[in-house]
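Written below as structure tokens is the structure these notes are about.
Positions are given from 1, in the same order as the sequence printed here. Whatever order the structure lists ligands and atoms in, that order sets their numbers, starting from 1. As the structure is a prediction and not an experimental result, all values here were calculated from the model.
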Amino acid sequence: MITLKGAEVSAKMKDQVLEMVASLGGYIPTAAIVRVGERPDDMSYEKGVMKKIAAFGMEAKSFAFPEDISEEDFKAEFQKINEDENIDGILMFMPLPKHMNGKVFESLIDPKKDLDGISPVNRAKVFAGEADGFAPCTAEAVIETLKAFEIPMTGKRAVVVGRSMVVGRPLSMLFLKENATVTVCHTKTKDLKAVCNEGEILVAAAGKAGMLDQDYVAEGAVVLDVGINVDENGKLCGDVKWEGLETKASAATPVPGGIGAVTTAVLCKHLAQAATRKKQK
Ligand code: NDP
């Protein structure tokens with residue numbers, strides 16, 4: 001079984017992004033990382049993203065607001081960032097605190113700066129298979145990983161476990177665009193094991209530690225584990241049990257060190273694309 005390491009995909013994507021940035025004639029794309037509150041997960045992701053953007057030759061500015069900021073005040077601050085011509089892309093941490101309506105901000109974000117594909121415009125573009133929008137980074141990271149390892153998708157049976165707006169649904173659309181035949185599973189799917197066994201490509205995005213073991217995996221399948229969970233010993237783990245996987249899968253992404261690393265690389269690619277599109281206008 002081949003281990004599909006996220007670092008290898010990220011390194012390839014870094015070369016592409018550096019090339020895109022170099023063709024901007026000295027212009028350095030800048031991202032705004034917008035956070036309300038201090039959730040530890042968000043803060044550690046923010047740190048990782050800032051580091052990656054710098055490593056990919058671009059800039060990132062952090063805009064952090066207190067958890068108790070009113071929706072009205074945050075909206076005013078957000079609009080300033082949204083309209084700032086020196087900001088090429090925005091990553092906003094979701095969900096926003098309970099006293100705010102996240103949907104309002106999803107609609108407010110300038111689709112041209114929407115690095116994680118949360119605006120209704122970008123969602124529609126992903127649905128329509130149009131290439132000039134932005135898909136959610138994690139969903140696109142799955143496709144980038146398959147492409148980087150030259151794993152064909154055309155005509156393949158892809159099974160996706162999870163139907164969230166961040167991963168499962170957009171990913172199923174991206175698979176369609178790559179001419180795969182897609183099945184999307186969820187908590188009401190009957191006989192999940194049998195359905196998973198139909199997948200030549202199996203994506204786990206349920207957010208349940210070790211939920212899928214080798215019995216869910218078809219002989220020779222390629223397994224992409226999107227899940228990021230903490231197991232009973234406090235260790236980071238995916239949705240797929242790694243032990244025994246090598247007896248069935250032909251290739252698989254590890255957790256950690258798999259899709260997560262590619263997700264931030266996709267974010268960097270989106271930032272470079274946003275700046276390139278702005279310049280081409
Ligand atoms: P959600 O909780 O929003 O969605 C989970 C989906 O999985 C739902 O559609 C749910 O079905 C389905 N599901 C849950 N349990 C089962 C089950 N037992 N059988 C079948 N389907 C099931 O999670 P997200 O999509 O936001 O995230 C999924 C995972 O990916 C998480 O572990 C998250 O941490 C990780 N993640 C990783 C990222 C990365 O960069 N690598 C980025 C984003 C997320 P139903 O709709 O019926 O409830």
Distance under 4.0 Å to a non-hydrogen atom of T263: what atoms of ligand 1 satisfy this? 39 (C), 40 (O)
Heavy-atom nearest neighbour in the protein, as seen from atom 47 (O) of ligand 1, with distance rounded to 0.1 Å: T187 OG1, 2.4 Å
Closest protein heavy atom to atom 31 (C) of ligand 1, given as residue, atom name and distance to 0.1 Å: G207 CA, 3.5 Å
Hey, are S62 and E46 close enough side-chain-wise for a donor-acceptor pair under 3.5 Å? yes
Have a look at ligand 1 and work out which part of I228, if any, has a heavy atom under 4.0 Å from it: side chain, backbone, both or neither. both
Quick one: does ligand 1 sit under 4.0 Å from the side chain of N229, the backbone, both or neither, non-hydrogen atoms only? side chain
Contact region, T138 to ligand 1, non-hydrogen atoms below 4.0 Å, reads side chain
Would you find a donor on one side and an acceptor on the other, under 3.5 Å apart, between the side chain of K278 and the backbone of E85? yes
So do F149 and V222 actually touch side chain to side chain, heavy atoms under 4.5 Å? no
Lys/Arg N to Asp/Glu carboxylate O, D41 vs R39, below 4.0 Å: no
Sub-4.0 Å protein heavy atom near atom 2 (O) of ligand 1: no
Quickly, which of L271, D88, I33, V266 forms a side chain to side chain contact (heavy atoms under 4.5 Å, CB included) with L115? Name it, please. L271
Show me which atoms of ligand 1 lie under 4.0 Å from any heavy atom of A205. 5 (C), 6 (C), 7 (O), 28 (C)
Atom 35 (C) of ligand 1: nearest protein contact (heavy atom, Å): V226 O, 3.5 Å
Take atom CD in E19; do more than 12 heavy atoms of anything else shown fall under 6.0 Å from it? no
Charged N to carboxylate O below 4.0 Å: is that the case for E72 and K75? no
Got the closest protein heavy atom to atom 12 (C) of ligand 1, with its distance? G162 CA, 3.9 Å
Check whether any side-chain N or O of H99 sits under 3.5 Å from a backbone N or O of I69 as a donor-acceptor pair, and report yes or no. yes
Ligand 1 versus R163: contacting region, heavy-atom distance under 4.0 Å: both
Please verify the inter-ring angle class for F134 with H270; under 30° counts as parallel, over 60° as perpendicular, anything in between as tilted. tilted
Please determine whether a side-chain nitrogen of the Lys or Arg among E144 and K147 lies less than 4.0 Å from a carboxylate oxygen of the Asp or Glu. no
Does G168 have a non-hydrogen atom less than 4.0 Å from ligand 1? no
In this structure, atom 26 (O) of ligand 1 is nearest to the protein heavy atom V166 CG2, 3.8 Å
Distance filter under 4.0 Å to V167 heavy atoms, resulting ligand 1 atoms: 25 (O)
Kindly check if the number of other-residue, nucleotide or ligand heavy atoms within 6.0 Å of CZ (F127) is above 12? no
Nearest-contact summary for atom 19 (N) of ligand 1 - protein heavy atom, Å: M211 CE, 3.5 Å
What are the atoms of ligand 1, with element, lying closer than 4.0 Å to any heavy atom of K208? 14 (C), 15 (N)
Give yes or no for whether the N/O distance cutoff of 3.5 Å, strictly under, is met between D239 and ligand 1. no
Measure the distance from atom 20 (C) of ligand 1 to every protein heavy atom, then report the residue, atom name and distance (to 0.1 Å) of the closest one. H186 O, 3.2 Å
What protein heavy atom sits nearest atom 25 (O) of ligand 1, and how far off is it? S164 OG, 2.5 Å
Check whether more than 12 heavy atoms from other residues, nucleotides or ligands sit under 6.0 Å from atom CD of E83, and answer yes or no. yes
